[in-house]
Amino acid sequence: MAAIYQAVYRRASSLLCRLHSTYVRKMRYLNELKEDDSLCRQAQTSGTFYLFHNLSPFLQKVGKKYLVPQLSAAEMKRILEKFRKTEQWIEKSVLIGCSDEHVPHFALDLGALEKSVVESELTGLFTDLRKALFVLDEKDSSLLASAQSLLQWHDSHQYCSKTGQPTQKNVAGSKRVCHASGIIYYPQMSPVVITLVSDGSRCLLARQPSFPQGMYTALSGFCDVGESVEEAVRREVAEEVGLEVDSLWYSASQHWPFPSSCLMIACHALVRAQQAEISMNSLELEEARWFGLEEIMEGLKREPRSSKQANSILLPWFPPKQAIAHQLICEWVKQQTSQPA
């Protein structure tokens, strides 16, 4: 029996090593493309391309599913020729990843071309990213969010903030350089804390006026300069709902492209049940209230935007599973249901 266990362990270890090696090779290959313009330019001739139009990704609907097509370099060349654009347009693209077989992936925005004509040519639609994120699987959603953020960053950083001179991107799009001053600009993300507050038996969710009807989510806010994550969580909870955090712990993080490339840092926070009276900041929130376990579990069953009863009463619903707020809520439910009665 011991020999069988050892054989299984060796096989599992071998598989883990191979997976690790594949990942390491991918990361080093991508780093080479970012650092070597000639190598990246060569990779563009064999890579695949994800298309955008004014930052809206291109999707195709097959049956009831939405797919993100990858165009080959040859297909990309054909489309550019059809619209009488030179192959130099390819250099407007940005590197967004690669396959395990080292086929590089690029994103290219065709905003200067007629949208409807491109859609007709490729039999698909350019779709608002907010909508696209919730009809695609997690892998495609994450890739499109990263691609759009990078394209948007390049669009808004075409000039040096010190000299006012034009900046130039490297071929991969991993940086921009002002040759007048020598300043190198790198794409950045803004840190945002998103916090699910609990008093031990309830969790606190809120909504802003801009939210879809019936949607509630965890509290969130940008980190101030010089703040730690812990300080930002305590301040945001105090500012928005007038509660003092007793303890907090980190859950996970997620890139989020709105409003412009944020790093969502998800935390749980506990307040004392005896001091749980909400004092809402109406300048930031439309509503904030406590939810019990049963109401949360019912809300998780509802489809987004489908919260009306027959008598037109709005029932609460929560962010879909692609959003890290959904993960926080599910973690809270799991913690509540695993507690001894």
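Quick caveat, the model's predicted, so the values are computed rather than measured.
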Handout entry: Evaluation steps, side chain to side chain contact (heavy atoms under 4.5 Å, CB included), between D155 and L151
Key = CA-CA 6 Å; D155 186 56; L151 289 168; over 6 Å; no
Problem - Rounded distance (nearest 0.5 Å) linking atom CG of L263 with atom CD1 of I194 - result: 11.5 Å
Problem - Side-chain heavy atoms of I90 within contact of L80, under 4.5 Å - result: yes
Exercise for the section: Report the relative orientation of the aromatic rings in F106 and F49; use parallel for angles under 30°, tilted for 30 to 60°, perpendicular for over 60°. Expected result: parallel
Practice task
Identify the two heavy atoms, one from W89 and one from L108, that lie closest to each other, and give their separation to 0.1 Å.
Solution key: O-CD1, 3.6 Å
Completion exercise
All heavy atoms of P69 vs all of Y50, minimum pair found to be O-CD2, 4.2 Å
Exercise for the section: Look at atom CD of Q60 and say whether more than 12 heavy atoms of other residues, nucleotides or ligands are closer to it than 6.0 Å. Expected result: yes
Practice task
Look at the side chain of S56 and the backbone N and O of F52, then say whether any donor-acceptor pair between them is shorter than 3.5 Å.
Solution key: no
Exercise for the section: Check whether the side chains of Q327 and E331 place a donor and an acceptor atom closer than 3.5 Å, and report yes or no. Expected result: yes
Handout entry: P57 vs Q148 side-chain heavy atoms within contact, under 4.5 Å
Key = no
Exercise for the section: Can you establish whether the number of heavy atoms outside M297 located under 6.0 Å from its atom CE is more than 12? Expected result: no
Exercise for the section: Kindly confirm or rule out a cation-pi arrangement of R25 over Y29, judged by NZ or CZ under 6.0 Å from the six-membered ring centre and within 45° of its axis? Expected result: no
Completion exercise
The reported gap from SG in C178 to NZ in K162 (rounded to nearest 0.5 angstrom) is 9.5 Å
Exercise for the section: Could you check V118, T127, L122, L144 and say which one makes a side chain to side chain contact (heavy atoms under 4.5 Å, CB included) with F58? Expected result: L122
Exercise for the section: Look at atom NZ of K34 and say whether more than 12 heavy atoms of other residues, nucleotides or ligands are closer to it than 6.0 Å. Expected result: no
Exercise for the section: Verify the neighbour count for atom NZ of K175: are there more than 12 heavy atoms of other residues, nucleotides or ligands below 6.0 Å? Expected result: yes
Completion exercise
What one should report as the nearest heavy-atom pair of Y250 and C267 is CA-SG, 4.2 Å
Handout entry: Heavy-atom neighbours of Y66 OH exceed 12 at 6.0 Å
Key = no
Exercise for the section: Please report the closest heavy-atom contact between V103 and G47, naming both atoms and the distance. Expected result: CG1-CA, 4.4 Å
Exercise for the section: Supply the members, apart from L283, of the Ile/Leu/Val/Met/Phe/Trp/Tyr cluster built from side-chain contacts under 4.5 Å; use none for a lone residue. Expected result: none
Practice task
Check whether any side-chain heavy atom of I183 sits under 4.5 Å from a side-chain heavy atom of T163, and report yes or no.
Solution key: no
Handout entry: Over all atoms of both residues, closest heavy-atom pair of Y185 and W153
Key = O-CH2, 3.5 Å
Completion exercise
Between T167 and the options H154, H157, R176, Q158, the side-chain hydrogen bond (donor to acceptor under 3.5 Å, both in side chains) test singles out R176
Problem - N-O pairing of K301 and E298 below 4.0 Å - result: yes
Practice task
Can you see which heavy atom on F222 is nearest to which on E236, and at what distance?
Solution key: O-OE2, 3.8 Å
Practice task
Can you measure from CZ (F126) to NZ (K115) and round to the nearest 0.5 angstrom?
Solution key: 8.0 Å
Exercise for the section: Look at atom CD of E244 and say whether more than 12 heavy atoms of other residues, nucleotides or ligands are closer to it than 6.0 Å. Expected result: no
Exercise for the section: List the steps and the verdict of side chain to side chain contact (heavy atoms under 4.5 Å, CB included) for L59 and V68. Expected result: CA-CA 5 Å; L59 306 184; V68 186; 3.8 Å; yes
Practice task
Begin with the C-alpha distance, continue with both residues' side-chain angles, and end with the deciding distance and a verdict on side chain to side chain contact (heavy atoms under 4.5 Å, CB included) for L285 and L219.
Solution key: CA-CA 10 Å; L285 300 175; L219 302 177; 4.2 Å; yes
Completion exercise
CZ of F318 to NE2 of H326, rounded to nearest 0.5 Å, is 10.0 Å
Handout entry: Heavy atoms from other residues, nucleotides or ligands near CZ of R272 exceed 12 (cutoff 6.0 Å)
Key = no
Exercise for the section: Assess whether side chain to side chain contact (heavy atoms under 4.5 Å, CB included) is satisfied between H268 and S251, documenting all intermediate values. Expected result: CA-CA 7 Å; H268 290 274; S251 170; 4.1 Å; yes
Problem - Salt-bridge criterion met for D109 and K92 (N-O under 4.0 Å) - result: no
Practice task
Run the salt-bridge test on R207 and E287 with the 4.0 Å N-O cut-off and return the result as yes or no.
Solution key: no
Problem - Short side-chain donor-acceptor distance under 3.5 Å, S198 and W332 - result: yes
Problem - Heavy-atom side-chain contact between D199 and L243 under 4.5 Å - result: no
Exercise for the section: Tell me, yes or no, whether the heavy-atom count around Q42 atom CD, taken from other residues, nucleotides or ligands under 6.0 Å, exceeds 12. Expected result: no
Exercise for the section: Please determine, by modelled atom types, if Y159 and Q165 share a side-chain donor-acceptor pair under 3.5 angstrom. Expected result: no
Fill in the blank from the handout: When rounded to the nearest 0.5 Å, the distance separating CG of L150 from OG of S93 is 10.0 Å
Exercise for the section: Answer yes when E295 and R202 have at least one side-chain N-carboxylate O distance shorter than 4.0 Å, and no when they do not. Expected result: no
